[in-house]
Amino acid sequence: MAPGDETRMGWNMPRWKELPASLDEQAAQFVVQLRRLKDRSGLSLAALAAKTSYSRSSWERYLNGRQLPPRDAVEELARVCATDPVRLLVLHELAAAAWPAQEPAAPAGARRIPSRALVVAGAVTVLVVALAAGLLIARPWQGDDGGGGAPGGTAPSPFVFVQGRSRPCEVRREDGELRAGYSPTRSVLMDLKSSGWEVLEAQCLLRHHGHDPGLIDGSYGPKSKAAAQDFQKDRNLVVDGIVGPDTWAELRR
């Protein structure tokens, strides 16, 4: 038998289960001392539970090395067994420093939540908070360049048309051209039944130039097309109501 095996086996006491292999030698020595003290007392686990503040199942975990007993439990065991607790408490401190990491015991009657569930719940909470913060400080349709989408009119998020919903217009001049923040496009073609971030951009710019496109909803309907025709007429463009590169160029001026 290798040195220390008698300690890990519980001083050759077959009535005790073998201690977990994960226990450090000092932790194993501490548990063995608790076992010896309990055996000398002649008390059963049930009797020990009746004389202390800890249950039978708790003492079973402590004496089988599955859980480090709290300091109070060690003091109560010493009291019940009529022995000086000082040496046991010193061994307890040494064992605590070497004891394998474990989750703290839940209060009696409390429902234990698996650690994996706690991690997932924490991650979801962080994600929700981050998304909420993002919505507060930036428009959800805006791309990294602040223009709302990639060149060519591709929006970074899907456009969803909501009947009767009007969106805000905040037209500003950036890099020498007008932008409403929905799309940076200068080329996407739009005609009746078109919809998307580009339509929102055109509707805002038409309104900014004094031509009412109706509801700013991202849907290119008859009123938006009539506004585009009036704008094209004012700018000496082909009056067809189709927003293309030439119309975009004038809308951006």
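Below, all heavy atoms of this structure are taken into account, side chains as well, without hydrogens, waters or symmetry copies.
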- Item | Joint hydrophobic cluster, V74 plus Y54, side-chain heavy atoms closer than 4.5 Å | yes
- Would a hydrophobic clustering, with Ile, Leu, Val, Met, Phe, Trp and Tyr connected at side-chain separations under 4.5 Å, put V239 with F231? no
- Would you mind reporting whether L200 and S183 have side-chain heavy atoms less than 4.5 Å apart? no
- Nearest heavy-atom neighbours spanning P85 and A78: CB-CB, 3.6 Å
- Which residues share a side chain to side chain donor-acceptor pair (under 3.5 Å) with R56, sequence neighbours left out: none
- Query: To the nearest 0.5 Å, how far apart are NZ in K225 and CD1 in I242?
  - Reply: 5.5 Å
- Item | H208 side chain to C169 backbone, donor-acceptor under 3.5 Å | no
- Message: Less than 3.5 Å apart, any donor N or O on the side chain of Q29 or E25 sitting next to an acceptor on the other?
- Response: no
- Using the side chain to side chain contact (heavy atoms under 4.5 Å, CB included) rule, take F30 and L68 through it: C-alpha gap first, then chi angles, then the decisive distance, then the call. CA-CA 10 Å; F30 168 67; L68 177 69; 4.1 Å; yes
- Task: Find the distance between CZ (R179) and SG (C204) and round it off to the nearest 0.5 Å.
- Result: 14.5 Å
- Note on the structure: In this structure, CG of L48 is separated from SG of C81 (nearest 0.5 Å) by 6.5 Å
- Query: Any ion pair linking R172 and E174 (charged N to carboxylate O, less than 4.0 Å)?
  - Reply: yes
- Item | ILVMFWY cluster, L77 and V90 together (side-chain gap under 4.5 Å) | no
- Do V199 and F159 have side chains that get closer than 4.5 Å, going by heavy atoms? no
- Message: Please evaluate residues L88 and L34 with respect to the criterion side chain to side chain contact (heavy atoms under 4.5 Å, CB included), reporting the C-alpha separation (whole Å), side-chain torsions for both, the decisive distance (0.1 Å), and the verdict.
- Response: CA-CA 8 Å; L88 276 180; L34 295 183; 4.0 Å; yes
- Item | CH2-CD distance between W99 and Q26, expressed to the nearest 0.5 angstrom | 12.0 Å
- Without swapping roles, check the side chain of Q203 against the backbone of S219 for a donor-acceptor pair under 3.5 Å. yes
- Query: Can a salt bridge be assigned to the pair R207 and D212 using a cut-off of 4.0 Å between side-chain N and carboxylate O?
  - Reply: yes
- Item | Under-4.0 Å salt bridge between E75 and R79 | no
- Of all heavy-atom pairs between G244 and L189, which one has the smallest distance, and what is that distance? CA-CD2, 3.5 Å
- Item | Spatial distance of atom CG (L237) from atom CD (Q229) [nearest 0.5 Å] | 12.0 Å
- Item | Closest contact, heavy atoms only, S166 versus L215 | CB-CD1, 3.5 Å
- Task: Answer with yes or no whether the hydrophobic clustering places M190 together with L192; edges join I, L, V, M, F, W, Y residues whose side-chain heavy atoms lie under 4.5 Å apart.
- Result: no
- Can you find a side-chain donor-acceptor pair between H209 and D234 that sits under 3.5 Å? no
- Message: When you compare the side chain of L251 with that of L178, does any pair of heavy atoms fall below 4.5 Å?
- Response: no
- Query: Hey, any chance L94 and Y62 share a hydrophobic cluster, counting ILVMFWY side chains that come within less than 4.5 Å of each other, even indirectly?
  - Reply: no
- In terms of heavy-atom contacts, does CG of D84 have more than 12 from other residues, nucleotides or ligands at under 6.0 Å? yes
- Please name the pair of heavy atoms, one in H211 and one in D230, separated by the smallest distance, quoted to 0.1 Å. ND1-CB, 3.5 Å
- Minimal heavy-atom distance between V160 and R167, with the atoms involved, is O-NH2, 3.1 Å
- Query: With distance as the sole test, does W248 use its side chain to make a donor-acceptor pair with the main-chain N or O of V188 at under 3.5 Å?
  - Reply: yes
- Item | Minimum heavy-atom distance between G241 and A228, given as atom pair plus value | O-CB, 4.1 Å
- Between R66 and E60, is the closest basic N to carboxylate O distance under 4.0 Å? no
- Item | Pairs meeting criterion salt bridge (charged side-chain N to carboxylate O under 4.0 Å, His left out) with involvement of residues 240-253, two or more places apart | E201-R252, R235-E250, E250-R253
- Ignoring hydrogens and angles, tell me if any N or O in the side chain of R35 forms a donor-acceptor pair with the backbone of L63 under 3.5 Å. yes
- Task: Kindly say whether S58 contributes a backbone atom to a donor-acceptor pair with the side chain of Q67 at under 3.5 angstrom?
- Result: no
- Query: Got a second to check how far W59's CH2 is from L45's CG, nearest 0.5 Å?
  - Reply: 9.5 Å
- Between S224 (side chain) and P213 (backbone), is there a donor-acceptor pair under 3.5 Å? yes
